[in-house]
Structure formats: C-alpha cells, structure tokens
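Structure, as structure tokens:
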Protein chains: 2
Amino acid sequence: MNSSRFVVGTHIMVALAGKALLCGHFGMSTVVSSDELAFSVNTNPVVVRRLLSLLQKAGLVTSKAGRYGGTTLAASAQSITLRDVYEAVEEEGLFHAHYQGPNMHCAIGNSIEEILESPLSLAEKAMKEALSEYTIEGLVLEIMQIHKIGEKIEAGMTYEEIKQEFDQESTSALDKF
Amino acid sequence: MNSSRFVVGTHIMVALAGKALLCGHFGMSTVVSSDELAFSVNTNPVVVRRLLSLLQKAGLVTSKAGRYGGTTLAASAQSITLRDVYEAVEEEGLFHAHYQGPNMHCAIGNSIEEILESPLSLAEKAMKEALSEYTIEGLVLEIMQIHKIGEKIEAGMTYEEIKQEFDQESTSALDKF
DNA sequence: CACATACGTAACTATTAATGTTACAATAAC
DNA sequence: GTTATTGTAACATTAATAGTTACGTATGTG
C-alpha cells in the first residue's frame, strides 16, 4: 500500500461525521462541499472528489451536484468502521506477487504462490479485523474531546463562536468544520 | 506496500531452506548463488542480491563472496518466521499519511494524525502477528509434500535423480533447487 | 600467484502508481 | 438564467520499483 488514500479517506469521513454531529445539533445543513474538505485535508478538491466517488460506490456517502450540493454520510457514523473505509478506497490485495511470475520449471517457483496464499490472506484478514474495531463515530468523539467541543456546547456557545476558535490562526475565509 | 519484495524475499528464504534440507541430507554443499536464486525467482541476480543484502542486515542469511561463495540461512528455518522476512525487506509504516500533511488550522486536520495513530499501529501489529505464525520450515515442508520429496528420499533416489525430475521441462543448465 | 567465480553496490533506464492540476459538461437550487 | 457544485477526462509531476550493465572486491583452487 503506497497510497495515502486510506488516511485521507478516513479524514474525509471524520470531517463529514463531525459536520453532521455539530451542525446537526444546531439544526444547520450537514452537507459539505469538496472545497471545504480539500481545505481540511490540504489538497485539491478533485483529489477529494475522486475519493468521494469511491466512498460513494461503497455506499458510505451520498453526494449531490448543483448549488448547495455536496456530500453527507450515507449511514450513521456508528455503523461505519475503518475497515469499510479501507475497503472502499484501497486496492484489493495487500501483498503483491512477483512482477514476472516465478519460474514454473522449479520446485520452489511452481509452488510458492500456492503455499503463500494462506499466510498472506490471513495476515490481510487480521489487519482488516483490527481496523473494524474502530468506528467513525468513535474517532469523531475523540476529536470533540480533544477540542472540548462538548463543553463548549454545554456552555451555550453558538456554532459561529465555536467555529471561530479554530479560525483564529487561519487567514482563509473557508469554512473549516 | 506496493512492492513484491516480501513475496520474493520469502521465495528466496524458502529456496535457501529447501537447499539446506535436501543437500544437507545428502552431505552436499548448501550454499546457493544469486544466479541460482534469480533463476528460481525469474529475475535478475542483482535484484536477488539487493534482497539478500537486506536479509543479511536482518541477520537471516549469511553470504560469502568469492569462488564457491553464495548464501545460506543464518539460523534454523524453524526459528525464522514470515514476520522476520517482512520486517527485513519492507519499509516501516504500512499506512501512509497525507503527502502534504493535513491543514493544521482545522479542528479535524490538526488531530487526525493523533487519533489515527492507535488504529493504524494496531492494524499493522495484527498483520505482523499473523505472519509470525508461519515459519520458513513450515513452508519448505509443504513444498516437499507437494513434490513428494520425502517419499523419493525414502525410496533411495539420489539427489541427482530427484533434481532431474524438475529439470525435464526446462532447457536451462542451471541448478534449480 | 593467476584464474575463475561470486558478492556488493553504484549508476542508469523503464515502467508504474499516486498525486496534483486544469478544464469542462452535467446538475440543481434559487 | 445565474450560480455553485459534482463527476470525470486529460495531462503533468513526482516517487518507487524492478530490471540491467558495469565494475571493484573477495576468495577458493590449482
């Protein structure tokens, strides 16, 4: 796995879930545009849309074109695990075989793929099972704790006030959460 | 992981262990050259030597330059697991973070790496633990069973006779096991 | 010692994958 | 009809992998 798609895809999912939780609480729109996501991820909106396309094919998000369009989660953050995100955005097959294939006229070469099948698939399965222990909701709650967002809501702060605290160091006018 | 280094590295280790087991039984040299390994793997000897260099740094094999030089296992095949091979030849860090880094002026961006550290390291650990269940010896025994090499030894066949059975379809004069 | 064989590694090429970017058609709200 | 947004094609850039050639170094054999 040489890509950052899984980490970026997870970032996107957490951002969508965070927006849903916070803006949902204030009765505001929970739709997020690829521009906003690209700002948070620090990349190009097209890169985000490509990932959203994969996440959409996996049924994890719903996107809508046109004015006031954007993306929302297609299921509850509680029901989506890191395994779902991984499988949505990463290629099949964690381990790659020989580029040119082994020499089949060799006792080792003609059996190596057969005997490695089980170890490699079990190792990949173990990794995915570890990822399935983490939900998007769990990650969002961690972030809310780090930034004490629950306390701010309890204290009666408005959405704008909460958001402003993250805008202070930034010069951009884009929405950050 | 976009490389085939782990699969090829394992192929090499199994070939070395197979040579040690079979030639050891007949009192013959158990040293294997990078040319022989490259033949089995179906690649260039330099590619093999680069992998052997990594395996050597990890203490898994011993190489010797000069005439009648080559490589042998540095430990018993029973004591070497696929995890050892994986760690010897693959890069650190199964999961890659954002290329340009997330936007730190964002509530999600500035925490995403922190909250992903635990899930990602646990997933990688789970994968490695699955690999550690398999020894090089176990894989060699599987191959010997597939080719009924134990039975051939029991039946009194010589090394040359056993080897010849794998040479039949091949046109090369190189040693294949 | 001279020779033959093999490792170790640098240097270069070719191929592939990932990311970033520009551009634009299609879509949808207002 | 205007504006904002997705979806995707096309292309450029960068990095990693694998393959190859070349050559210095090491070492057993005669």
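Chain identifiers are assigned alphabetically (A, B, ...) following the order of the sequence lines, protein sequences preceding nucleic acid strands; residue numbering begins at 1 within each chain.
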Exercise for the section: Go through the side-chain N and O atoms of A:T72 and A:T62 and say whether any donor and acceptor fall under 3.5 Å apart. Expected result: no

Exercise for the section: For B:H96 and D:dA16, give me the distance from atom NE2 to atom P, rounded to whole Å. Expected result: 9 Å

Handout entry: Protein-nucleotide distance (B:L37, atom CG; D:dA18, atom P), rounded to Å
Key = 16 Å

Problem - A:N44 CG - D:dT8 P separation (whole Å) - result: 16 Å

Exercise for the section: Could you grab the distance from atom CD1 of B:I12 to atom CG of B:L52, nearest 0.5 Å is fine? Expected result: 5.0 Å

Problem - Path from A:V7 to A:V85 over hydrophobic side-chain contacts below 4.5 Å - result: yes

Handout entry: Geometric class of the A:F6/B:F95 ring pair [parallel <30°, tilted 30-60°, perpendicular >60°]
Key = tilted

Practice task
May I ask you to verify if any side-chain N or O of A:S4 is less than 4.0 angstrom from the OP1 or OP2 atom of C:dA18?
Solution key: no

Completion exercise
Here the residues of residues 45-54 of chain B within 4.0 Å heavy-atom distance, strictly under, of DNA chain C are B:V46, B:R49, B:R50, B:S53

Handout entry: D:dT5 OP1/OP2 closer than 4.0 Å to side-chain N/O of A:S33
Key = no

Problem - B:N103 side-chain N/O to A:F39 backbone N/O, donor-acceptor pair under 3.5 Å - result: yes

Distances for protein N or O near nucleotides 28-30 of chain C N or O, under 3.5 Å:
residue	atom	partner	partner atom	Å
C:dA28	N3	A:R67	N	3.4

Exercise for the section: Using whole Å, report how far CZ of B:F95 lies from P of C:dA18. Expected result: 15 Å

Do any N or O atoms of the protein come closer than 3.5 Å to N or O atoms of nucleotides 13-17 of chain C, and which pairs are they?
none

Handout entry: Short side-chain donor-acceptor distance under 3.5 Å, A:Q100 and B:T43
Key = no

Exercise for the section: Would you classify B:T71 as touching base, sugar-phosphate or nothing, given that sugar-phosphate means primed atoms plus P, OP1 and OP2, and contacts are heavy atoms under 4.0 Å? Expected result: nothing

Problem - Hydrophobic cluster membership, A:L141 vs A:I162, 4.5 Å side-chain cutoff - result: yes

Exercise for the section: Determine yes or no for a side-chain-to-main-chain donor-acceptor pair under 3.5 angstrom, with B:E114 supplying the side chain and B:S111 the backbone. Expected result: no

Problem - B:I115 CD1 to A:L139 CG distance, which is reported to the nearest 0.5 Å - result: 4.5 Å

Handout entry: Distance-only donor-acceptor check, side chains B:H11 and B:S40, under 3.5 Å
Key = yes

Practice task
Identify whether B:Y159 and B:Y68 are in the same connected component of the hydrophobic contact network (ILVMFWY, side-chain heavy atoms under 4.5 Å).
Solution key: no

Handout entry: Any A:Q56 side-chain N or O less than 4.0 Å from OP1/OP2 of D:dT6
Key = no

Handout entry: Distance, rounded to the nearest Å, where A:E36 contributes CD and D:dT5 contributes P
Key = 8 Å

Problem - Connected via hydrophobic side-chain network under 4.5 Å: B:V46 and B:V48 - result: no

Practice task
Calculate the interatomic distance between A:N42 atom CG and C:dT19 atom C1'; express it in whole Å.
Solution key: 13 Å

Exercise for the section: Kindly say if A:S34 contacts the phosphate of D:dT5, meaning a side-chain N or O under 4.0 Å from OP1 or OP2. Expected result: no

Exercise for the section: Look at A:Q100 and D:dG19 and indicate whether a side-chain polar atom (N or O) is within less than 4.0 Å of OP1 or OP2. Expected result: yes

